[in-house]
2 protein chains.
Amino acid sequence: MESSPPIPEDTVERCAGADPGHPRPDGQDRYTISEVAAHTGLSAHTLRWYERIGLMPHVDRSHTGQRRFTNRDLDWLSLVGKLRLTGMPVADMVRYAELVRQGEHTFEERQELLEQTRHDVLGRIAELQGTLAVLNYKIDFYAGARRAPERA
Amino acid sequence: MESSPPIPEDTVERCAGADPGHPRPDGQDRYTISEVAAHTGLSAHTLRWYERIGLMPHVDRSHTGQRRFTNRDLDWLSLVGKLRLTGMPVADMVRYAELVRQGEHTFEERQELLEQTRHDVLGRIAELQGTLAVLNYKIDFYAGARRAPERA
DNA sequence: CGCTTGCTTGGAGTGCGCTCCAAGGTTCTA
DNA sequence: TAGAACCTTGGAGCGCACTCCAAGCAAGCG
């Protein structure tokens with residue numbers, strides 16, 4: 001959704017969050033690792049580790065070799081953060097990142113991966129709602145027992 | 001806390017699941033560890049480990065020292081299974097087990113622990129629903145892109 | 001009786017997702 | 001130009017929740 005090509009890669013990884021990028025500083029588009037850490041809530045350690053395991057596209061470097069993240073990296077990290085919240089294993093996120101790197105002919109496989117993830121999320125929500133029933137039952141029990149003590 | 005008190009301990013830990021105990025064999029009320037493993041889906045290793053770390057009340061033994069689980073143990077494990085599904089850390093479940101062991105004067109603290117857990121579960125559900133929005137967005141994108149390819 | 005299968009223990013090992021360390025080089029502020 | 005604060009790397013370490021191992025005792029069957 002930027003300018004010309006049929007479906008630019010960034011369209012695919014942009015718009016990743018319902019989050020419209022509030023504290024995302026614009027202007028220079030080059031952030032140090034600690035800026036990105038502060039923005040994403042991830043540690044600098046984790047950001048470097050993400051890059052090592054292939055979960056980040058190649059991050060730009062300054063002339064002396066320090067990382068300079070771009071807004072696009074921030075968008076990608078936002079998506080990764082969402083996938084992480086789904087409980088998707090890191091290995092699967094790396095797989096997804098590889099598919100993105102390989103280009104548009106992997107759209108089908110990406111879609112399948114995301115559909116599987118959605119399926120898992122729906123299952124997990126159902127599971128959690130099942131636990132809520134038990135929690136409510138027991139909380140009510142304790143509340144009732146404490147309100148009406150020892151009626152032996 | 002066995003025969004006379006106002007609110008017997010078993011009332012508290014019974015009825016743990018909405019699950020009415022379908023494949024729960026009755027009659028002898030003494031199950032070997034592998035029977036319990038088959039019933040709960042936990043491994044025998046895990047059952048022994050739960051006991052070691054204090055997550056199980058003391059399990060009965062045969063005259064030769066082998067574990068003999070009771071229906072009450074099964075009920076407790078059913079509750080533990082639910083708490084595990086909530087994502088509660090094992091250490092907190094152990095804490096809860098200790099409170100149960102300590103008797104009825106811990107009702108308030110048990111209730112608080114469960115309320116905190118419910119709060120966490122509600123938050124987690126909201127989080128997962130947030131991820132669903134992103135997953136739906138991207139799945140729709142891939143589906144649309146594959147239906148209408150290259151319109152340059 | 002022997003055989004197979006199952007149970008016992010303490011302690012060691014595994015996989016995941018970070019998290020930190022040491023030993024340096026870089027960048028910023030005064 | 002000094003000093004503090006930040007960045008780099010490979011590799012080691014950690015916390016959690018199991019998971020397995022070895023060596024030996026127990027239980028059920030023909």
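Side chains are part of it too, since the values below use all heavy atoms of this structure and drop only hydrogens, waters and symmetry mates. Naming: A, B, ... by sequence-line order, numbering from 1 per chain. The structure presented is a predicted model; accordingly, all values stated were derived computationally and were not measured.
Interatomic distance, CZ of A/Arg147 versus CG of A/Asp140, reported as 8.5 Å (0.5 Å rounding). Between the CG atom in B/Leu83 and the CG atom in A/Leu135 there is a gap of 6.5 Å [rounded to 0.5 Å].
Taking the side chain of B/Arg67 as heavy atoms from C-beta on, and the options C/dG17, C/dT9, D/dA17, the nearest nucleotide is C/dT9. Closest contact between the side chain of B/Thr64 and the listed nucleotides D/dA26, C/dC7, D/dT9 involves D/dA26. Across C/dC7, D/dA27, D/dT8, the shortest atom-to-atom separation from the side chain of A/Gln66 is found for D/dT8.
Across the protein-nucleic acid pair, B/Glu35 atom CD and D/dA27 atom C1' stand 13 Å apart, rounded to whole Å. When the P atom of D/dG15 is taken as reference, atom CD1 of B/Ile53 falls 16 Å away, rounded to whole Å. Note: CD (A/Glu51) to C1' (D/dT8) measures 11 Å, nearest angstrom. Atom CE in A/Met88 sits about 16 Å away from atom C1' in C/dG17, given to the nearest Å. Distance A/Arg68 CZ to D/dC7 C1': 8 Å, rounded to the nearest Å. The CD1 atom of A/Ile33 sits 19 Å away from the P atom of C/dG25 (whole-angstrom rounding).
Judged by distance alone, the side chains of B/Glu112 and B/Gln116 never bring a donor and an acceptor atom under 3.5 Å apart. Residues B/Glu98 and B/Gln102 have side chains that never bring a donor and an acceptor to within less than 3.5 angstrom of each other. Looking at A/Ser78 and A/Asp75, their side chains never bring a donor and an acceptor atom within 3.5 Å of each other.
A/Arg52 is linked by a salt bridge (charged side-chain N to carboxylate O under 4.0 Å, His left out) to nothing, counting only residues two or more places apart in sequence or in another chain.
By the 30° and 60° cut-offs, the orientation of the rings of B/Trp76 relative to B/Tyr96 is parallel.
The phosphate of D/dC7 (OP1 or OP2) has a side-chain N or O of A/Thr32 nearer than 4.0 angstrom. Applying the 4.0 Å criterion to OP1 and OP2 of D/dT9, one finds that A/Arg61 has a side-chain N or O inside that range.
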Is there any protein nitrogen or oxygen under 3.5 Å from a nitrogen or oxygen in nucleotides 18-24 of chain D, and what are the pairs?
residue	atom	partner	partner atom	Å
D/dC18	OP1	B/Arg84	NH1	3.4

